[in-house]
Peer 1: 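The structure that follows is given in the form of structure tokens.
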Amino acid sequence: MPITTILLHMANDDSHATRLAVAAALAKRFKAHVEALYIATPVSMPAGATGRAASYGFMAEATAIAHENAERIADEVRLALDGLSHRWTVAEGDHVALLAERAPYADLAIVGQSSAERSGDRVPLHVPDRLPLATACPTLVLPPVQPAAAPIGRNVLIAWKNSRESTHAVRNAMPFLETAESVTVLTVTPPGRPSEDGTALVDWLTRHGIVARHHPATATPGEVGDLILSVAADLGADLLVMGAYGHSRLREMVLGGATRTVLAALPLPALMSH
């Protein structure tokens, strides 16, 4: 399916300008419309504040600051998307819930890697960690350090496993794969087990006019995420395509998993689907 609509997550965080630049570049590349959704996190009374007057004063100040932030970022959006089809919307509430509500009407969602350490209290929700589970829309997760002008999708690494999640990810990535200069299919097999058949995916991609090569590797389950990142670095990949949370969410939380490992130390853009 072509990318005709991009859902862009905007908020008052340090990385919003990078997400905006990436969205603008991809909108030009795919001739897509951008739905820029600015989400303000609801404010809460600070500890120790009591009384109606204090409550009203705090809320009024917080509302004024939120309005100023939204207006400032709206100006950035208008400038960056000038000449492109786009719409600016402001909402307040849970970031994932609001994005998931609009994601069915988009072909790609762009978010930034969540990090409470980086964002402080401004965007405390783990957006990329939760959004791929909340919607069928493919989610492009940008790393903390992503040069705004850096290309995305010239050198693509597919972390392949014969699963529903990986299949969704590859199919959702077709607009990128069709224009990529290099595509590598990485399969990871536990020691002593038959190797995952990555050549079948290579053959399927070939029939779609996409030249790809197979890169088989061996690792224990707990090493898969680190191996994916290592191979991506060795190949100089600028886009990782992978399924998100192949196991149950509870199992991922308790045992870890490739998705959590990759998101925790994400060095390159990742296109994830569940």
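Below, each value reflects all heavy atoms present in this structure, side chains not excepted, and no hydrogens, waters or symmetry copies. Because the structure is a prediction, the values reported are computed rather than measured.
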Peer 1: Assert yes or no for the condition that the ring centre distance of H9 to H95 is strictly below 6.0 Å.
Peer 2: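 Centroid distance H9-H95: below 6.0 Å, so yes.
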Peer 1: Quick one: list whatever passes salt bridge (charged side-chain N to carboxylate O under 4.0 Å, His left out) with E76, sequence neighbours left out.
Peer 2: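 For E76 the salt bridge (charged side-chain N to carboxylate O under 4.0 Å, His left out) partners, ignoring immediate neighbours, are R72.
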Peer 1: Flag yes if more than 12 heavy atoms outside R102 fall under 6.0 Å of its CZ atom; otherwise flag no.
Peer 2: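 For R102, atom CZ is crowded (more than 12 foreign heavy atoms under 6.0 Å).
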Peer 1: Out of curiosity, I6 CD1 to L8 CG, how far, rounded to the nearest 0.5 Å?
Peer 2: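 Nearest 0.5 Å value for the CD1-CG distance: 8.5 Å.
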Peer 1: With side chain to side chain contact (heavy atoms under 4.5 Å, CB included) as the test, would you mind laying out the steps for N69 and Y38 before giving the verdict?
Peer 2: CA-CA 10 Å; N69 290 334; Y38 179 87; 3.5 Å; yes
Peer 1: Check salt bridge (charged side-chain N to carboxylate O under 4.0 Å, His left out) between D234 and all other residues, then give those that pass, not counting sequence neighbours.
Peer 2: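 Salt bridge (charged side-chain N to carboxylate O under 4.0 Å, His left out) check on D234 returns nothing, list empty.
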Peer 1: Kindly say whether S163 contributes a backbone atom to a donor-acceptor pair with the side chain of T167 at under 3.5 angstrom?
Peer 2: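 Yes; at least one donor-acceptor contact below 3.5 Å.
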Peer 1: Could you tell me whether the side chain of T139 and the main chain of V141 form a donor-acceptor pair under 3.5 Å?
Peer 2: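 Here the side-chain-to-backbone pair does not exist.
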Peer 1: Who pairs with R78 by salt bridge (charged side-chain N to carboxylate O under 4.0 Å, His left out), at least two apart in sequence or on another chain?
Peer 2: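 Residues passing salt bridge (charged side-chain N to carboxylate O under 4.0 Å, His left out) with R78: D75.
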Peer 1: Do R171 and S273 meet the criterion of a side-chain donor-acceptor pair at a distance under 3.5 Å?
Peer 2: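 Short answer, no.
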Peer 1: Pick from E35, H33, K31: which one makes a side chain to side chain donor-acceptor pair (under 3.5 Å) with S85?
Peer 2: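 Single side chain to side chain donor-acceptor pair (under 3.5 Å) partner of S85 among E35, H33, K31: H33.
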Peer 1: Between T199, L201, V156, which is the residue that forms a side-chain contact (heavy atoms from CB on, under 4.5 Å) with V185?
Peer 2: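 Passing option: L201.
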